[in-house]
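All chains are named by letter (A, B, ...) in the order of the sequence lines, taking the proteins before the strands, and each is independently numbered beginning at 1.
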Amino acid sequence: MLIEFDSSDTIEGVIRTATTASKHFGEDFEPQVRPADPRFGDFQANGVLPFAKKNNTNPRELAQKLIDALPQTDLWETSIAGPGFINFKLSPSYFLQWLEKFADNESIQKSIQTEKPKKIVLDYSGPNTAKQMHVGHIRSTIIGESLARLLQFLGHEVIRDNHLGDWGTQFGILLYAIKREQIVLDQLGPDPIAKLENLYRQGNKWIKEEESNLAEAREELVKLQNGDSENLTLWRKIKEISMDSFLSIYEILGVRFDHSLGESFYKDKVESIYEKLLSHQICKEDQGALVVFHPEHKRFSKQPFIIRKSDGASNYATTDLATVEYRKNEWNSDQIIYVTDGRQRDHFEQLFLTVEKWYSAEKRESPSLQHVWFGTILGDDNKAIKTRDGEPIKLIDLLNEAISRARKMVIEKKPDLTEEEVEKRSKAIGLGAVRYADLSQDRTLDYVFSWEKMLAMQGNTAPYLQYAVARICSIFRKAQVVPTQIPSTHYQPTTDSERSLARKFLFFPGVIKQTAKELKPHFLGCYLYELATEFSSFYNQSKVMVEEDEIKSLRLTLCARSLSILQIGMDILGIELLEEM
RNA sequence: GCGGGAGUAGCUCAGCUGGAUAGAGCAUCGGUCUUCUAAACCGAGGGUCCUGGGUUCGAAUCCCAGUUCCCGCGCCA
């Protein structure tokens, strides 16, 4: 019998073979193999219950027929429980075979990679220029990066594109403020982006104070959009300053984009969009603007998708349409994934509907479009953190605070480390904590920002996972073997802690699949935490460095597989690991 | 008004798409370091899964109604 990486697949395959051949079941029988409660077994097949219901037979008797039809094997024991569940309790021999078959990170990756690699554009982070990234901006960057890594791990070609908000109306206000204050952009001092942000805030105040100021700001924007050279020069400088600030954050977070084509990149590509959509009668003029309605849709038949404002200017919707076209034509992408705040869901739904009609009118295949949205980070008032007024916590400050708190713990624990080592560990631990705090929770949920939450280092946190890894590495150092060169063994997982750790490995494939299917990193994060918990428990109960070589080899193998899965998983989450803590 | 999301332990959250006695972390209380790293481990207490109906062998999960909070809905992105 072939042992597959995903044990559910192995079991399901065996069941299907049996049921297809059996007169009691047939081809339409769904085994429904799921991880089981450890009290009952390792996997369970639930499919008999609904099938018996549909065919008006006794489920327990039917379950018995299924078991009778299964081939004899020493890989597992089966039993019927409750109303008709079939439990599979895997044998020690199964575990040992699995452990030997998927022996290193490469073979694990190979076993799970896709057969149909796609070219996927991942659109994430996308901060607005002239503003600093604050804590509210962390989610798109971290979630997006993690999904990029996941898809790459699965064998897809991923194009990371940072769709900068560099052509919005904020420039009217900012240019107005710069001119009013007679600011020289080259002389903004050590923290130019903060200065720009203050200017923007000041400008915002001014335009609210007086009508005429608002008019002037609008005029600056029009001049910019019409290619006024003075304003364009200022705009370029602003973008440069912004990019420097973003890049320093990406550097810390280990994020690198293949492209940073902002909205400005598409400003000359929008005219043809209007023409095409008009010629296909997808959009129409309404109240002076060019809009798209979707008559078949209950809501978007009334709620417009504005692709050209009544003043003739383009907007977010327009550039997004042009962006799809560019990514399809120039990069030949099969799929585009947008990682943005959930408040933009209507926008993307409308965008996707519009693209679908447009491409189908031209009989072209549109890329598959997906909006991976996340909840908002809220302030203490339960409202979204916003930049316009007040001073939200800067992202850079959060990251630095995380590193400095980790630093205290690192030094406390090991006072004699070199400065270089302290630096390395504090960074891995502090940033890991922040990343994990966000990634370990369902992305669709809003949460209130708190230092305590973001910087926790005990319990279900990245440092806990990193600590488990450090302990494993320590064992291998003491044992003087490398994880890939452990002597083979005949000793099978026997004790409770050996068995339950080995058992945990088997659920990794399913977790990866689910994470990829729903594009929700928290499935992986939670699993890794559970795995680390199993390992810690194993570590406390079973000494690895024992006299008996056979037992030692098995336990080293369990350490090695824990390490592999933690390495792979943490790498996908973008969290660094340490060999010592 | 229309549409979307959410309501699970004192707090923060999981709950594998309908499975068996609902789980973690934090906090509280108790135990474990001359033994591979105590950022750890073991244990205890803590629940009207918002409320009320329904669907069925079986519901935190699906459907309906109500309720509370959040978000979106014509020229911001």
Side-chain angles (χ1 to χ4, degrees), chain A residues 32 34-37 39-40 44 46 49-50 52-53 59 81-85 87 126 128 165 167-170 263 286-291 298-300 302-311 313 315-317 319-320 340-347 349 373 375-376 378 382-384 406 409-410 412-414 429 437 440-442 444-448 450 452-453 456-461 463-468 470-479 507 510-511 513-515 518 522-523 525-527 529-530 532-533 536-537 539-546 555 559 580-581:
Chain A
Q32 292 188 22
R34 307 280 151 79
D37 187 310
R39 284 169 302 195
F40 309 117
Q44 57 182 5
N46 298 340
L49 285 155
K53 177 75 186 165
F85 303 116
N87 290 320
N128 291 333
W167 200 243
T169 39
Q170 76 262 36
E263 291 167 341
D286 198 278
Q287 300 176 26
L290 202 58
V291 307
K298 56 185 168 183
R299 199 152 28 96
F300 302 139
K302 294 265 158 49
Q303 189 179 318
F305 187 53
I306 298 172
I307 61 169
R308 190 178 64 199
K309 301 194 283 183
S310 50
D311 64 5
N315 66 3
Y316 187 37
T319 45
D320 271 352
T340 83
D341 190 289
R343 287 173 291 182
Q344 296 178 29
R345 268 187 298 165
D346 275 5
H347 166 80
E349 215 178 312
W373 60 276
T376 312
L378 310 170
N382 238 15
K383 302 271 184 188
M409 295 188 74
V410 168
E412 195 179 311
K413 186 124 196 212
K414 295 260 172 68
I429 294 167
S440 60
Q441 141 168 175
D442 190 318
T444 62
L445 254 58
D446 295 349
Y447 64 82
V448 176
S450 88
E452 198 191 331
K453 182 192 182 77
M457 308 219 178
Q458 252 105 37
N460 188 356
T461 62
Y464 178 91
L465 296 167
Q466 291 166 322
Y467 186 64
R471 280 169 144 185
I472 296 171
C473 292
S474 171
I475 289 174
F476 280 107
R477 275 196 304 275
K478 292 264 157 66
F507 302 131
V511 167
K513 285 181 193 171
Q514 200 198 355
T515 306
E518 303 201 21
H522 81 283
F523 289 124
C526 292
Y527 168 80
Y529 173 70
E530 285 166 16
T533 306
S536 301
S537 184
Y539 180 93
N540 268 65
Q541 281 174 59
S542 316
K543 194 165 162 57
V544 175
M545 307 289 285
V546 290
R555 292 187 178 169
C559 289
E580 288 180 71
M581 270 177 84

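- Distance from the side chain of A:Met409 is smallest to B:A39 among B:C41, B:G74, B:A39.
- Set against B:G72, B:G3, B:C41, the side chain of A:Ser537 has B:C41 as its closest nucleotide.
- Comparing B:U37, B:A77, B:C75 against the side chain of A:Asn128 picks out B:A77 as the nearest.
- The base of B:A77 is not paired with the side chain of A:Asp320 by any donor and acceptor separated by under 3.5 Å.
- Atom NZ of A:Lys414 has more than 12 neighbouring heavy atoms from other residues, nucleotides or ligands inside a 6.0 Å radius.
- For A:Gln287, taking side-chain heavy atoms from C-beta onward, the closest of the listed nucleotides B:G5, B:C41, B:C75 is B:C75.
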Query raised in the report: How does protein reach along nucleotides 21-36 of chain B, written 5' to 3' as B (base within reach of a heavy atom under 4.0 Å), S (only sugar-phosphate), or - (no contact)?
Result: B--SSS--------SB
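- Between the side chain of A:Gln44 and the base of B:A20, a donor-acceptor pair under 3.5 Å is found.
- Across all strands shown, A:Gln344 has heavy atoms under 4.0 Å from base atoms, whether or not it also approaches the sugar-phosphate.
- The residue A:Glu580 sits close to a base: some heavy atom pair falls under 4.0 Å.
- Each of B:G74, B:A77, B:G3 was ranked by its minimum atom distance to the side chain of A:Lys298; first place goes to B:G3.
- Separation of the C1' atoms belonging to B:A44 and B:G19 is 29 Å when rounded to the nearest angstrom.
- Nucleic acid contact for A:Lys383: sugar-phosphate only, since backbone atoms but no base atoms lie under 4.0 Å from a heavy atom of the residue.
- Two residues are said to be in side-chain contact when any heavy atoms from C-beta on lie closer than 4.5 Å; A:Pro463 and A:Met409 fail this criterion.
- For a distance-only test at 3.5 Å, the side chain of A:Thr169 fails to qualify as a donor-acceptor partner of the base of B:C76.
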Give me the distances for all protein-to-nucleotides 10-17 of chain B N/O pairs that come in under 3.5 Å?
unit_1	atom_1	unit_2	atom_2	d
B:U12	O2'	A:Lys453	NZ	2.9
B:A14	OP1	A:Asp442	N	2.7
B:G15	OP1	A:His522	NE2	2.9
B:U17	N3	A:Glu518	OE2	3.1
B:U17	O4	A:Glu518	OE1	2.9
B:U17	O4	A:Glu518	OE2	2.6

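- By the ring-ring contact (aromatic ring centres under 6.0 Å, His included) test, A:Phe523 pairs with no residue at all, sequence neighbours left out.
- Every side-chain hydrogen bond (donor to acceptor under 3.5 Å, both in side chains) that A:Arg343 has, sequence neighbours left out, goes to A:Asp341.
- Within 4.0 Å of A:Pro59, counting heavy atoms only, lies no atom of the nucleic acid at all.
- By the ring-ring contact (aromatic ring centres under 6.0 Å, His included) test, A:Phe305 pairs with A:His347, sequence neighbours left out.
- Legend: residues meeting ring-ring contact (aromatic ring centres under 6.0 Å, His included) with A:Phe85, ordered by chain and number and at least two apart, are absent.
- Remark: P of B:C73 and CZ of A:Arg343 are 10 Å apart, rounded to the nearest angstrom.
- Within 4.0 Å of A:Tyr464, counting heavy atoms only, lie sugar-phosphate atoms of the nucleic acid but no base atom.
- Taking atom CZ of A:Phe85 as the reference point, atom P of B:G19 lies 9 Å away to the nearest angstrom.
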